[in-house]
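Counting convention: from 1, in listed order, for ligands and their atoms alike. The analysis underlying the following values was restricted to heavy atoms, covering all of them including side chains, and did not include hydrogens, waters or symmetry mates.
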Amino acid sequence: MVPVAALGDIVGGDQVLTDPSMVAGYTMDWTGRFVGAHTVVVRPGSTNETAAVVDLCRSAGIAIVPQGGNTGLVGGSVPLNGEIVVSLRRLNAIEAPDVVARSIVVGAGALLADVQAAAAAVGLRYAVDMGSRGSATIGGTIATNAGGLNLLRYGGTREQLLGVEAVLGNGAVVSAMSGLAKDNTGYHLPSLLCGSEGTLGIITAARLRLVPAMPCHATAMVAFESIDAAIAASVRWRHDLADLEALEVMLGDGVQLVATTFSLPSPLTTDHDVVVLVELAATADPYDDLAAAVASVDGVLDAAVATDSTTRSLLWRFRDEHTSAINRIGPPHKFDVTFPIAVLGSAVERVRGVIARARPDAHVWIFGHLGDGNLHVNVTGALSVDDELDDLVLNAVVEMGGSISAEHGIGTAKARHLPWQRSQEELDAMRAVRDALNPDRILNPAVLIP
Ligand code: FAD
Ligand code: 2HG
Ligand code: ZN
């Protein structure tokens with residue numbers, strides 16, 4: 001039995017949700033693909049309350065799923081095995097940015113978009129960005145080591161992390177928030193917690209690195225004659241363009257789907273099979289560099305260049321809205337995979353072929369972060385839970401030297417496949433760390449480590 005009254009004594013009775021209509025939004029993930037049973041949701045308002053909740057759950061033997069914005073795509077944020085949900089959304093304080101140290105201290109429940117806005121208000125930038133910015137929390141992005149749209153220039157979430165405060169699974173509160181640029185004093189706990197998917201501790205706050213905001217942007221949607229031509233251009237541009245900020249790929253069916261779903265006018269003169277979104281950001285207008293870059297590569301069929309912020313936003317909507325547009329068809333089966341750039345072109349064909357043979361009636365949508373070799377493969381018209389399809393696709397990914405999780409994490413969706421990618425020794429080391437910091441396995445027991 002969940003000690004509802006005791007939880008209420010810690011966080012306040014109104015912050016313990018039991019009513020099914022209040023709880024429902026916490027038990028189903030963003031896609032509708034992962035749905036847990038009715039449970040209790042606890043919403044602590046401070047680190048101390050979070051620690052007291054963890055202590056109580058440890059002594060009562062109750063498992064916890066920490067939850068931020070619930071936008072995770074691998075079934076790690078919802079209670080699939082009778083856990084309670086500890087929602088961090090109330091820990092959403094955002095301190096004034098430290099413009100001298102170029103950092104910002106934020107609560108785990110702060111929304112990514114709000115942190116970006118706080119940085120922008122002082123001429124700085126939080127360099128992690130992605131389509132879920134309006135719902136994803138900083139705690140969730142740290143727990144998943146989110147990648148996003150600008151990783152090729154600034155790195156992923158781990159690279160932005162100067163400090164973390166967390167309640168470990170053993171109840172201890174660790175706070176490594178000094179934010180010193182250099183600090184080689186032992187294990188770097190923020191890095192360890194980053195990407196741990198809530199299996200080591202509940203992140204309650206973080207200090208994040210900020211970078212100078214680039215005032216000038218040049219953005220283009222470029223159609224290529226083939227995926228191989230797009231990949232060749234991306235390799236060239238990554239080498240040549242110091243101000244390269246984003247390099248994303250979409251295919252013709254996805255572009256058309258977004259246009260139809262959201263009634264967007266096509267920026268290109270006709271439909272094309274392979275479209276790349278490329279963006280430069282600099283202190284002076286990078287338009288000429290972008291135009292020269294587009295002219296310098298082979299296989300370009302068409303291009304639309306944004307010279308104002310309205311057109312820039314329109315071009316970005318085609319990329320940002322892929323996930324939403326596909327989801328409107330019905331909960332898709334998702335793969336989030338990376339390949340070495342040398343095999344990326346053949347990987348697209350192989351993955352497509354594997355799915356077409358196994359599920360001939362399904363539709364395969366491919367888009368992603370071309371500059372990182374990261375493809376998002378969404379399958380609609382098949383079951384959203386399909387173990388056989390998982391095995392076929394992920395086996396092909398491993399055989400081609402890729403990763404079964406580029407940026408979304410392992411969650412519950414791919415826990416079974418982690419041993420396909422990690423050696424027994426690596427898994428033993430991960431288990432040892434997990435068992436040291438989360439000894440009773442009350443935090444996300446079904447996530448990440450099988
Ligand atoms: P949740 O979904 O709530 O949780 C995710 C995981 O982290 C769960 O395992 C949960 O238990 C754990 N967790 C959450 N908060 C905490 C905490 N405070 N302490 C410990 N553990 C915690 N991801 C990318 O990497 N790149 C993208 O470009 C990208 N684009 C997206 C676009 C859309 C439209 C959507 C819906 C998702 C996208 N995602 C992307 C996936 C998702 O937004 C990220 O994984 C994000 O980091 C999750 O944040 P969240 O707050 O929603 O976490
Ligand atoms: C993106 O890059 C996200 O848009 C979501 O990582 C990917 O929906 C997906 O599969
Ligand atoms: Zn992505």
Can a non-hydrogen atom of N374 be found less than 4.0 Å from any atom of ligand 2? no

Please confirm whether N378 approaches ligand 2 to less than 4.0 Å, judged on its heavy atoms. yes

Closest approach of any protein heavy atom to [atom], naming residue and atom:
| atom | result |
| --- | --- |
| atom 41 (C) of ligand 1 | T71 O, 3.6 Å |
| atom 32 (C) of ligand 1 | S132 N, 3.5 Å |
| atom 50 (P) of ligand 1 | G69 N, 3.4 Å |
| atom 53 (O) of ligand 1 | G140 CA, 3.4 Å |
| atom 10 (C) of ligand 1 | P66 O, 3.1 Å |
| atom 20 (C) of ligand 1 | G201 O, 3.4 Å |
| atom 8 (C) of ligand 1 | G76 O, 3.4 Å |
| atom 12 (C) of ligand 1 | A143 CB, 3.7 Å |

Could you pull out, from [options], the option with a heavy atom nearest to [atom]?
| atom | options | value |
| --- | --- | --- |
| atom 8 (O) of ligand 2 | E248, K334, E407 | K334 |
| atom 1 (P) of ligand 1 | L151, I64, N70, L111 | N70 |
| atom 40 (C) of ligand 1 | R89, M130, E248 | M130 |
| atom 5 (C) of ligand 2 | L149, D320, T71, T323 | T323 |
| atom 45 (O) of ligand 1 | V85, T141, T144 | T144 |

Only heavy atoms of [X], strictly under 4.0 Å: list the atoms of ligand 1 that pass.
| X | answer |
| --- | --- |
| E197 | 9 (O) |
| G198 | 20 (C), 21 (N) |
| A136 | 49 (O), 51 (O), 52 (O) |

Do the charged groups of [X] and [Y] touch, with an N to O distance under 4.0 Å?
| X | Y | result |
| --- | --- | --- |
| E279 | R312 | yes |
| E245 | R125 | yes |
| D129 | R133 | yes |

Going by the 4.0 angstrom heavy-atom rule, the piece of N444 near ligand 1 is side chain

For ligand 1, the portion of T137 having any non-hydrogen atom under 4.0 Å away: both

Identify, by atom number and element, the atoms of ligand 2 in contact range of [X], meaning under 4.0 Å from any of its heavy atoms.
| X | value |
| --- | --- |
| H369 | 2 (O) |
| H408 | 3 (C), 5 (C), 6 (O), 7 (C) |
| F367 | 4 (O), 7 (C), 8 (O), 9 (C), 10 (O) |

Does even one non-hydrogen atom of [X] get within less than 4.0 Å of ligand 1?
| X | answer |
| --- | --- |
| G411 | no |
| V447 | no |
| G147 | yes |

Check whether any N, O or S atom of E407, backbone or side chain, sits closer than 2.8 Å to the Zn ion (ligand 3). yes

Taking 2.8 Å as the cut-off, does H369 contribute an N, O or S atom near the Zn ion (ligand 3), distance below it? yes

Measure from NZ or CZ of R319 to the centre of the six-membered ring of F367, then state whether that distance is under 6.0 Å and the direction lies within 45° of the axis. no

Parallel under 30°, tilted from 30 to 60°, perpendicular over 60°: which one fits the rings of H333 and F335? tilted

